[in-house]
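Reviewing the structure listed below.
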Amino acid sequence: MATVTDTAASTAPGGHAAATAPAQETTDGFHLVIDALKLNGIDTIFGLPGIPITDLTRKAQAAGMRVISFRHEQNAGYAASVAGFMTGKPGICLTVSAPGFLNGLTALANATTNCFPMILVSGSSEREIVDLQQGDYEEMDQLAIARPLCKAAFRVLHAEDIGVGVARAIRAAVSGRPGGVYLDLPAKLFPQAVDAEAGRRSLIKVVDPAPRQIPAPEAVKRALDLLKGAKRPLILLGKGAAYSQADAEIRALVEKTGIPYLPMSMAKGILPDTHPQCASAARSFVLPEADVVVLVGARLNWLLSHGKGKTWGGKSSKEWGNQRFIQVDISPQEADSNVRIDSPVVGDIGSCVSALLAGIGAGWPKPPAEWLDAVAERKNKNVAKMAETLAKNPVPMNFHSALNVVRDIVKANPDAILVNEGANALDFTRSIVDMYKPRKRLDVGTWGVMGIGMGFSVAAAVVGGGPVIAIEGDSAFGFSGMEVETICRYDLPVCVVILNNNGVYRGDEKNPTGGKDPSPLVFVKGARYEKLMEAFGGVGVQATTPAELRAAMEEALRSRRPTLINAVIDEGAGTESGRITALNPTAKKK
Ligand code: ADP
């Protein structure tokens with residue numbers, strides 16, 4: 001444990017050691033926070049120093065922790081949250097009070113929405129003054145504001161309680177359905193002195209922070225009975241499945257049953273997208289046609305059209321299809337959120353899938369050949385159509401010709417982590433670029449949030465080891481672009497590719513009045529984003545052809561140097577709102 005010697009007790013006036021008073025070892029709030037985190041295997045902090053946590057960042061680094069300092073707290077928060085997704089340990093984001101705290105809050109709410117374990121630790125100003133609303137420096141009742149946006153929120157007032165506060169935050173973040181947790185640490189806490197031995201004894205090493213949750217045998221039997229009778233079964237893997245790290249069990253479930261599967265965006269790569277049972281290329285066929293769907297760590301939210309409507313074979317947007325659902329999820333409240341779940345299996349995915357596998361012996365019937373053939377036929381047709389589109393080489397480049405290069409590069413570098421955000425840049429990348437390994441695709445998640453790009457990239461490099469390829473829309477990049485300095489400062493192997501079409505969605509909008517102001521949807525034409533990376537010592541490249549893009553990406557992966565490639569594409573490429581035009585009924589049609 002880090003301790004400080006109480007010099008008042010051990011040093012006589014004038015600086016001479018007193019003969020009689022023995023040195024008393026004390027520690028303080030700063031060191032107890034650091035020791036509590038380290039005791040629980042947390043070795044990295046993403047944050048931004050300032051009052052009152054500046055010294056905490058210094059002391060954490062001095063104590064051997066990795067402290068990654070950002071330019072904006074939102075990006076540090078996104079980094080922490082995705083570190084939590086990748087590792088299963090809560091990612092820590094450290095901020096200053098009020099404005100810094102608020103900047104971190106979007107990421108905290110996003111973590112909770114996505115079921116990512118994260119702890120936002122914010123310094124705060126003095127309780128006495130905040131509670132009497134006397135106007136302290138950066139006064140704000142942070143705990144009250146954070147509470148509705150996270151799974152749990154705690155405040156620690158006494159240094160002796162730091163161990164409990166950190167332990168509770170860790171348990172809340174990773175147990176059951178993971179999520180965001182807020183930990184409020186008022187400025188006065190940090191310098192509080194505590195006897196070193198008492199401090200040591202107050203810390204808690206959390207035992208079994210994410211306990212296994214074994215499903216009930218009758219729930220497993222109900223699921224197997226339903227699945228056995230299926231004529232057109234489908235397995236749908238969500239990012240909860242990726243998070244659970246039950247990769248071998250999930251693969252065994254898919255392969256032993258022979259059922260076609262669909263990965264949600266961040267579940268791509270649990271099995272390689274090139275797996276013969278992957279039905280991604282036949283998505284719009286299998287969803288309405290399937291009769292029994294096994295949801296594994298995926299919610300029937302808007303990303304799956306709420307489990308109803310035309311996507312699922314319903315005649316209207318409100319009508320349910322004819323599917324029967326088995327839902328494997330750690331949250332007992334998830335079932336029936338949108339449509340009837342005939343067979344909920346509640347527990348952690350590893351335990352649930354293992355229990356299902358135990359009932360799937362050698363005699364388990366393979367899905368009927370008509371179903372498998374129909375899926376294969378549809379898939380092959382769509383794959384051939386896509387290959388044709390990808391083979392084209394238009395001038396200027398478009399999303400397809402640029403992403404054809406990215407597809408090849410990811411295939412050649414399956415350990416690279418792909419970060420992806422944008423509208424069209426997101427939708428096209430998701431469908432064109434195959435993933436080969438689990439938890440290698442990190443994207444905008446449940447909210448479709450813009451701004452995760454550089455924060456996720458930093459975390460992917462720091463926690464995931466990189467290399468990282470960030471495929472960014474030019475608009476999406478703008479939300480976190482200043483973090484290229486962070487990427488350069490820590491010399492991270494991140495290759496940012498901006499698919500630059502000069503605007504939000506597209507770059508060819510005009511001001512309808514003919515006035516001087518540009519359309520709200522367009523940016524500076526011909527912007528040289530690559531110079532941003534050069535400004536901080538990284539590599540900047542402008543690429544106007546697939547060949548230039550390929551050469552620049554290959555060099556970035558070879559050198560592992562921070563690189564930004566400004567991939568100039570047709571400003572007329574793309575559609576408003578990408579693939580979710582249906583959510584934007586007044587969208588301008590191309
Ligand atoms: P996607 O967007 O990929 O469909 P969602 O975020 O909607 O995925 O769903 C993830 C689901 O996974 C959530 O309902 C969550 O409760 C569940 N989940 C997360 N971790 C686990 C786990 N370890 N075991 C079981 N379910 C989990």
Side-chain angles (χ1 to χ4, degrees), residues 81-82 84-90 109-118 151 171-180 208-216 219-220 223 234-250 253 261-271 273 280 283 287 293-307 311-312 325-339 341 344-356 420 426 430 435 438-449 452 579-580:
S81 70
V82 91
F85 169 76
M86 285 188 284
T87 63
K89 281 196 293 192
N110 188 61
T112 308
T113 301
N114 281 280
C115 316
F116 296 162
M118 161 189 176
K151 228 184 127 180
R171 276 200 189 281
V174 296
S175 62
R177 172 182 275 179
D208 198 9
R212 290 180 63 194
Q213 285 180 225
I214 315 290
V220 174
L234 176 70
I235 294 173
L236 226 157
L237 304 174
K239 60 179 161 331
Y243 174 77
S244 74
Q245 301 200 14
D247 308 333
E249 292 90 336
I250 291 168
L253 178 72
Y261 75 94
L262 266 187
M264 297 297 288
S265 184
M266 282 177 64
K268 278 162 72 77
I270 297 178
L271 290 99
D273 284 337
S280 291
R283 189 178 195 272
L287 290 179
V293 179
V294 189
L295 299 163
V296 184
R299 287 171 285 188
L300 284 175
N301 54 18
W302 71 278
L303 287 160
L304 284 166
S305 308
H306 304 282
T311 307
W312 293 90
F325 290 99
I326 297 166
Q327 183 159 33
V328 177
D329 204 288
I330 203 152
S331 167
Q333 293 174 40
E334 187 53 41
D336 305 328
S337 59
N338 285 276
V339 296
I341 299 297
V345 182
V346 175
D348 70 277
I349 286 169
S351 300
C352 292
V353 173
S354 297
L356 290 169
N420 188 201
L426 175 85
R430 187 177 52 228
M435 303 307 298
R439 294 168 294 283
K440 298 292 186 196
R441 188 186 151 85
L442 310 175
D443 69 26
V444 300
T446 305
W447 268 348
V449 67
I452 50 91
R579 294 253 170 99
I580 52 173

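In what follows, every heavy atom counts, from backbone to side chain, and hydrogens, waters and symmetry copies are set aside. Everything numeric in this text was worked out from a predicted model, so none of it was measured. Ligands are counted one by one from 1 in listed order, and the atoms in each one are counted from 1 as well.
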Check ligand 1 for close polar pairs with the protein: N or O on both sides, less than 3.5 Å.
residue	atom	partner	partner atom	Å
ligand 1	2 (O)	Lys239	NZ	2.8
ligand 1	3 (O)	Lys239	N	2.7
ligand 1	6 (O)	Lys239	NZ	2.7
ligand 1	6 (O)	Arg299	NH2	2.8
ligand 1	7 (O)	Arg299	N	3.2
ligand 1	7 (O)	Arg299	NE	2.9
ligand 1	8 (O)	Lys239	N	3.4
ligand 1	9 (O)	Gly297	O	3.3
ligand 1	9 (O)	Arg299	NE	3.4
ligand 1	14 (O)	Arg177	NH2	2.9
ligand 1	14 (O)	Asp329	OD1	3.3
ligand 1	14 (O)	Asp329	OD2	2.5
ligand 1	16 (O)	Arg177	NE	2.8
ligand 1	16 (O)	Arg177	NH2	3.3
ligand 1	16 (O)	Asp329	OD1	2.6
ligand 1	24 (N)	Ile349	N	3.0
ligand 1	26 (N)	Ile330	N	3.1

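Every residue two or more places apart in sequence or in another chain was checked for a side-chain hydrogen bond (donor to acceptor under 3.5 Å, both in side chains) with Arg171, and none qualifies. Not counting sequence neighbours, Asp348 has no partner by the salt bridge (Lys or Arg N to Asp or Glu O under 4.0 Å) test. Residues satisfying the salt bridge (Lys or Arg N to Asp or Glu O under 4.0 Å) test with Glu249, not counting sequence neighbours, are none.
Considering only heavy atoms from C-beta on, Pro263 stays 4.5 Å or farther from Ile270 through its side chain. With contacts defined as side-chain heavy-atom distances shorter than 4.5 Å, the pair Leu234/Leu287 qualifies.
The pair Asp329-Arg299 does not count as a salt bridge, with every side-chain nitrogen at least 4.0 angstrom from each carboxylate oxygen.
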